[in-house]
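Report on the structure given below.
One-based numbering, in listed order, for ligands and for the atoms of each. Since we're looking at a predicted model, the values are computed, not measured.
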Amino acid sequence: MDLRCIIRPLGLLFVLAMTYPGITASYSIGVGTADSTGPIAEIVFMGYAKMDQKGTGLHLRTFARSFIIDDGDQRIVFVSVESAMIGHDVRAAVIRELKKKYDDLYTEENVMISATHTHSSPGGCNLYMLFDLTTFGFIKQSFSALVNAITKSIERAHNAVVPGKIFVDQTEVFDANINRSPQAYLNNPKTEREKYKDNVDKTMTQLQFVAADGHPLGVINWFAVHPTSMNNTNRLVSSDNVGYAALLFEQKMNKNSMPGKGKFVAAFASSNLGDVSPNTRGPKCEFSGKDCTEQYTCTGKKELCFASGPGKDMFESTSIIARKLFTAAINLWKKGSSKEVSGPVRVVHRYVNMPEQKAEYYNETTGRVEELSGCLPAMGYSFAAGTTDGPGSFAFEQGTTTSNPVWNAVRNFVAAPTEEDIKCHGVKPILLATGRMWLPYQWQPKIVSTHLAAIGDFVIAGVPGEFTTMSGRRMRETIATAMKESTQVEPIVTIAGLCNTYSDYIATPQEYEIQRYEGASTIFGPHTLTIYLKQYRELTLAAVHGKKVEPGPSPPDLTTANLISLQTPVLYDTPKWGRDFGDCLRQPKKMVYPGDTVSAIFVSGHPRNNLMTDSSFLTIEKIGDDGNWIEIATDANWETRLYWARTSVILGTSQVEITWDVPSDVLPGKYRIRHNGYYRYILGGVFPYRGITDIFEVQNASRF
Ligand SMILES: *[C@@H]1O[C@H](CO)[C@@H](O)[C@H](O)[C@H]1NC(C)=O
Ligand SMILES: *[C@@H]1O[C@H](CO)[C@@H](O)[C@H](O)[C@H]1NC(C)=O
Ligand SMILES: *[C@@H]1O[C@H](CO)[C@@H](O)[C@H](O)[C@H]1NC(C)=O
């Protein structure tokens, strides 16, 4: 008999007794939500980098969801926020706000903020120039909406802390994600690929929070998929597939509450989604419907190659993916056989100057261990090609490993890479030497946040970007191994994507060689991942042994830079001739049935005059038995949409169209639609107005 079989369980008990003395103790837990919806009109969305993708309305409001876990000694805050990314300056501003109220309770060490990565929310809030380039610079309103929502959701969680327990479980979700760069994935070693059934992760990891008295508090679900079901032609602000999944879960748990208003908080947070698409029908040529070429181009003229599905349009695709995620998550929640999490809370955080890092790498080709270093940030040619979730605007192809003299000339005009940069980035032909671009201020970060939280033997690795599937698997394995070495306990490790800093993608060194979009956007060079594996191993060991880590160098504060902002403000609004704000220009049909779409048009002001935070631009109302109007839906519901249009820029006139898809389980009765807004008076000041439609009848029987 193997002696280890005896020693290991003994060791385990010993370790449990030593490191987890409070094994039966539970935690203090608080959850909170706040509305993070930024300006819904005229601001370019962040994610697809498409300058003509400007908002013209609202489908799903976005939210920040916070979870506080405290073991009596150490506190961790995990925030999942529905935005494209989270920049250092946003987190720094949140921590400054929290400091005013709570002194040093919430710090850079224990506040982990992860963006869901929706591609349908207004941008201009990252501050690093590259990310704000397509949004015409910095947008204060987007930035403040994000900072205020995250801060408020943490405050709400803080005020709701109760004793509770945490459970963890995992399940698999099929037909909800595909790999969008399979060629790059295939370049990973065969022996490694053989350990996995799929080229994307199918596992959903769920953390469940229950109060000591048994009532459910909240849930965090991690599943690796891009929130790009809504494609780059969408103009309505939306939290996309994971956002709708969160609403479905919350609606189930918070009966009779409007979206984002209930006590139970459900997050669907981002993970190692770097190369993972929700568009399960895969890439096809736009018009011919034929398969794309190997490099995802189409041979026909002016035809794009992009992925879509599984639905007939992007709304249906969003809903299908959301429902798959929601169903898997709610089944896991109901199963009730989840493992209880126990043990101390440990958090470690360190800022890392990536270009200054060194790490060792075993090169399978040469059979040698090489000492490697990080590079100054740079983007490769294939970055400009975009992905099959959102093809780029110029004639760039993915997989480009040779450069083009014309583009190089343009590039050198902005900032030329040095010989050293070119050598450091290896096979990547440099399109933008962002690490050398200072005008008007920094283009991409060099100093990133690395963050790790252990709650007993559950580990959250907060990473500053988009890890690909295999990068995430290597990271989880590295952390699990480091933890097992010290505690003999096999932890569950989850990757929390897009945390604290945004530094684009992290592909494996082998994927990097193929230079698809993800490799071309791995900004610190071929060994970005190698450096992170070393970093997170150190963080894990520090967490396990309760050691403090050096905080590392502070990233620059870009809020003090002379930020460029080219977005024009709202100057004034006027109603149409002979009309007033809120007048209904088109009434809904008098009689409607489940499955119908009801719509109404109102004279409106500009939606940027007031974001209607924690409120709504619209309500669908039903008359109750007592004759009072009851809210049935707001602008955060899936069934409602708000389309805004400036009808004359010179006159400052605009209108909104509100639509409501009558649900199949609707109660028959008398209904009306209300619109709430603000207008900007030409002589100054912003004033509220409202509009109400005529009453219409909802029938429950089908008309057929
Ligand atoms: C986006 O989705 C719509 C359907 O909702 C489709 O008509 C359009 O071609 C898609 N475009 C891209 C670039 O994916
Ligand atoms: C491994 O070494 C070969 C030969 O020197 C080189 O071409 C390749 O880029 C190296 N691989 C990595 C990931 O650095
Ligand atoms: C719909 O109408 C039918 C017949 O009028 C009635 O029996 C049923 O209860 C109604 N359903 C609802 C949900 O009100």
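Proximity annotation for atom 5 (O) of ligand 2: of Leu529, Thr366, Thr508, Val427, Thr366 comes nearest, heavy atoms only. Across the listed options Thr365, Asn363, Asn187, Asn363 owns the non-hydrogen atom lying nearest to atom 2 (O) of ligand 2.
For atom 14 (O) of ligand 2, a protein heavy-atom neighbour is present inside the 4.0 Å cut-off. Not a single protein heavy atom sits closer than 4.0 Å to atom 7 (O) of ligand 1.
Which parts of ligand 1 touch Met314 is read off a 4.0 Å heavy-atom cut-off, strictly below it: atoms 4 (C), 5 (O). Against a heavy-atom cut-off of under 4.0 Å, Asp313 is close to the following atoms of ligand 1: 4 (C), 5 (O). Distances below 4.0 Å separate heavy atoms of Pro509 from the following atoms of ligand 2: 13 (C). Close contacts between ligand 1 and Thr233 involve ligand atoms 1 (C), 11 (N) [criterion: under 4.0 Å to a heavy atom]. Less than 4.0 angstrom separates some heavy atom of Glu513 from each of these atoms of ligand 2: 8 (C), 9 (O), 11 (N), 12 (C), 13 (C). Taking every non-hydrogen atom of Tyr361 and a distance limit under 4.0 Å, the qualifying atoms of ligand 2 come out as 12 (C), 13 (C). For ligand 1, the atoms lying closer than 4.0 Å to a non-hydrogen atom of Asn232 are 13 (C).
In this model, no donor atom of one side chain and acceptor atom of the other lie less than 3.5 Å apart for Thr318 and Asn241. Judged purely by distance below 3.5 Å, without hydrogens or angles, the side chains of Ser181 and Glu518 pair a donor atom with an acceptor atom. In this model, a donor atom of one side chain and an acceptor atom of the other lie less than 3.5 Å apart for Thr468 and Glu511. Side chains of Arg350 and Gln535: a donor-acceptor N/O pair is present below 3.5 angstrom, by distance only. Using a 3.5 Å distance cut-off with no hydrogens or angles, the side chains of Thr62 and Ser36 do pair a donor with an acceptor. There is no side-chain donor-acceptor pair under 3.5 Å between Thr640 and Asp635. Side-chain contact check for Gln53 and Asn234: no donor-acceptor pair (N or O, by modelled atom type) lies under 3.5 Å. A donor atom on one side chain and an acceptor atom on the other are not found under 3.5 Å apart for Thr522 and Thr528.
The closest approach between a heavy atom of His527 and any atom of ligand 2 is below 4.0 Å. In this structure, Tyr512 falls outside the shell of residues with a heavy atom less than 4.0 angstrom from ligand 2.
Cys298-Cys285 SG separation is under 2.5 Å; the pair is scored as a disulfide.
Looking only at protein heavy atoms, the nearest one to atom 9 (O) of ligand 1 is Phe306 CZ, 3.5 Å. Ranking the protein heavy atoms by distance from atom 1 (C) of ligand 1 puts Asn231 ND2, 1.4 Å first.
The aromatic rings of Phe315 and Trp638 sit perpendicular, their planes meeting at an angle over 60°, well past the 30° parallel limit.
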